[in-house]
Amino acid sequence: MEGVIDAHTRALLTEHPGFDWTVTEFVRVVDVRLPPRVFHKHCPELAQRRVATPHGIPVHLQLLGSDPVALAANARQAVSLGAVSLDLNFGCPAKTVNRHDGGASLLRDPRRLERAVAAVHQAVDGAVPVTAKIRLGFSDRLKALDCALAAERGGAASLVVHARTRDEGYRPPAHWEWIGRIRHALGIPVIANGDIWTLEDYWKARTLSGCPDVMLGRGALADPYLAPRIRHWQRTNERLPATGWSVRAEILTTYAALQRSTLPERVVVSLLKQWLNQMRARDPEAARRFQALRRETRLDPFLAGLNAPASSADAASAVAPHPTTALAT
């Protein structure tokens with residue numbers, strides 16, 4: 001998720017057991033081999049002996065592009081820098097990305113998607129796994145299965161499927177049953193993605209898709225304890241208690257402390273607003289805080305507003321939760 005899931009976010013979200021692995025923001029590949037600094041910017045974990053979060057959860061490096069030659073060159077560069085797995089993004093619905101022939105734009109032509117995956121698969125020559133993420137198509141679902149099969153033929157070790165087309169964006173509903181059709185046709189693991197906000201959503205996505213595994217995106221930001229909730233339920237068949245606003249405010253405050261050491265305060269505030277924007281669709285208290293702080297540009301007052309007692313936030317104008325602005329994935 002571009003602009004949101006950086007190394008600090010990955011560290012915070014994997015502090016408690018829940019995630020099996022994480023994925024970086026995409027490295028945009030156009031027509032040249034990128035210098036090492038670009039890869040380290042997106043994946044600082046490359047500097048470690050094992051590419052993982054501080055809590056030991058593997059980090060997979062994501063590439064986004066359409067030129068097989070450039071993708072291959074950058075795949076080799078990533079592996080030389082220590083990447084443990086490469087993920088190819090064919091799911092980003094952002095208009096800017098699609099206009100420049102990246103992300104979901106390749107879903108129009110499964111042959112191009114296959115060539116892109118095959119180029120990366122051949123370039124790394126088995127040194128690391130190559131995975132891919134797609135949607136159910138660009139404008140419709142007519143090529144959903146063809147695109148999935150193309151990724152498999154190209155050499156993808158597993159496939160994440162977001163249960164909507166590019167044109168559907170993030171509008172509900174997610175068509176989890178369509179992922180089931182793909183899973184039945186492929187011989188590689190298929191992972192369900194899209195609109196998994198709660199434990200109930202997780203169970204519905206698993207049931208309708210038949211996939212044993214799911215990928216969390218916006219849902220993990222809306223509820224940073226969603227993955228631990230799922231893992232706890234898997235292990236015990238019991239629910240973790242709900243987390244109050246103070247717990248979420250603490251996570252945001254910790255995130256700000258990590259970011260402010262290297263970024264200007266106005267940028268940190270912008271990042272906090274992005275995360276809070278994800279939370280507010282599912283949390284009335286987050287919605288009230290967002291409404292009260294949406295024009296604040298100074299970091300310390302913003303943090304004070306996040307951590308103010310609930311009674312202070314109640315004085316602000318309440319807003320009804322509504323769908324968040326979609327961020328590129």
Side-chain angles (χ1 to χ4, degrees), residues 1 5 10 13-24 52-53 55-62 84-91 113 117 121 128-137 141 144-165 170 172-240 329:
M1 296 173 61
I5 304 295
R10 292 192 289 272
L13 291 178
T14 59
E15 184 175 359
H16 300 285
F19 286 102
D20 297 305
W21 42 273
T22 65
V23 183
T24 68
T53 70
H55 310 288
I57 305 303
V59 178
H60 298 182
L61 196 147
Q62 185 180 105
V84 296
S85 179
L86 296 178
D87 184 60
L88 299 177
N89 183 330
F90 304 114
L113 190 153
V117 177
H121 176 69
V128 301
V130 177
T131 62
K133 181 183 179 184
I134 66 170
R135 284 176 168 254
L136 294 177
R141 302 174 204 138
L145 183 55
D146 289 339
C147 287
L149 289 168
E152 182 179 43
R153 286 193 302 269
S158 64
L159 182 69
V160 174
V161 182
H162 182 100
R164 282 176 284 228
T165 66
Y170 295 96
H175 308 287
W176 295 318
E177 69 283 359
W178 269 79
I179 301 179
R181 302 182 188 185
I182 291 172
R183 182 184 65 84
H184 281 298
L186 268 61
I188 59 175
V190 175
I191 300 164
N193 172 246
D195 266 9
I196 301 172
W197 302 95
T198 65
L199 186 57
E200 289 76 14
D201 292 335
Y202 161 74
W203 181 246
K204 290 177 183 175
R206 278 199 57 182
T207 301
L208 291 174
S209 70
C211 297
D213 298 306
V214 303
M215 173 173 278
L216 304 179
R218 295 172 301 146
L221 293 174
D223 178 6
Y225 281 84
L226 179 55
R229 289 185 205 289
I230 293 172
R231 181 56 51 85
H232 183 79
W233 180 84
Q234 289 173 332
R235 291 175 173 173
T236 68
N237 204 29
E238 296 176 352
R239 292 174 178 266
L240 282 175
T329 62

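By convention here, the first residue in the shown sequence is residue 1.
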#### Entry: Verdict with reasoning, Gln234 to Tyr202, per side-chain contact (heavy atoms from CB on, under 4.5 Å)
CA-CA 11 Å; Gln234 289 173 332; Tyr202 161 74; 2.8 Å; yes
### Message
Before you tell me yes or no, could you show the steps for Met215 and Val23 under side-chain contact (heavy atoms from CB on, under 4.5 Å), namely the whole-Å CA-CA distance, both residues' side-chain angles and the distance that decides it to 0.1 Å?
### Response
CA-CA 10 Å; Met215 173 173 278; Val23 183; 4.0 Å; yes
### Thr131 vs Val160, side-chain contact (heavy atoms from CB on, under 4.5 Å): CA-CA, chis, key distance, verdict
CA-CA 8 Å; Thr131 62; Val160 174; over 6 Å; no
### Task
List the steps, then state whether side-chain contact (heavy atoms from CB on, under 4.5 Å) holds for Tyr170 with Arg218.
CA-CA 10 Å; Tyr170 295 96; Arg218 295 172 301 146; 3.3 Å; yes
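Contact record, Thr165 with Arg135: O-NH1, 2.9 Å, taken as the closest heavy-atom pair. In this structure, Glu238 and His232 approach most closely via the heavy-atom pair O-CD2, 3.1 Å. The heavy-atom pair separating Pro129 from Ala157 by the smallest distance is CB-CB, 4.4 Å. Closest approach of Leu145 to Ile182, counting heavy atoms only: CD1-CA, 4.2 Å. Nearest approach of Leu88 to Val117, heavy atoms of both residues: CD1-CA, 3.7 Å. Nearest heavy atom pair, residue Phe19 against residue Ala220, reads CZ-CB, 3.9 Å.
Rounding to the nearest 0.5 angstrom, the gap separating the CG atom in Leu136 from the CD1 atom in Ile179 is 6.5 Å. Atom OG in Ser158 sits 7.5 Å away from atom CG in Asp87 (nearest 0.5 Å). Taken from CG in Leu61 to OG1 in Thr24, the straight-line distance is 4.5 Å, to the nearest 0.5 Å. Here the NZ-NE2 distance, from Lys133 to His162, works out to 6.5 Å after rounding to the nearest 0.5 Å. With values rounded to the nearest 0.5 angstrom, Arg231 atom CZ is found 14.0 Å from His16 atom NE2.
Proximity of Ile134 to Leu113: side-chain heavy atoms (C-beta onward) are separated by under 4.5 Å at one or more points. Residues Thr22 and Leu13 have side chains not in contact (no heavy-atom distance under 4.5 Å, counting atoms from C-beta outward). For the pair Leu159 and Glu152, the minimum side-chain heavy-atom distance is 4.5 Å or more.
Put simply, the side chain of Trp176 gets close to the backbone of Gly194: a donor and an acceptor are under 3.5 Å apart. With hydrogens and angles ignored, the 3.5 Å screen pairs no side-chain donor or acceptor of Asn237 with any backbone N or O of Trp233. A side-chain donor-acceptor contact under 3.5 Å links Arg10 to the backbone of Ile5.
A salt bridge between Lys204 and Asp195 is absent, with no side-chain N of the basic residue lying under 4.0 Å from a carboxylate O of the acidic one.
Screening Ile230, Asn193, Asp223 for a side-chain contact (heavy atoms from CB on, under 4.5 Å) involving Leu216 leaves a single residue, Ile230.
In this structure, Arg206 fails the cation-pi test against Trp203, since its NZ or CZ atom is not both closer than 6.0 Å to the six-membered ring centre and inside 45 degrees of the ring normal.
For the residue pair Arg141 / His175, a side-chain donor-acceptor distance below 3.5 Å is found, with atom types taken as modelled.
Ring geometry, His60 versus Trp21: the interplanar angle falls under 30°, so the pair is classed parallel (tilted spans 30 to 60°).
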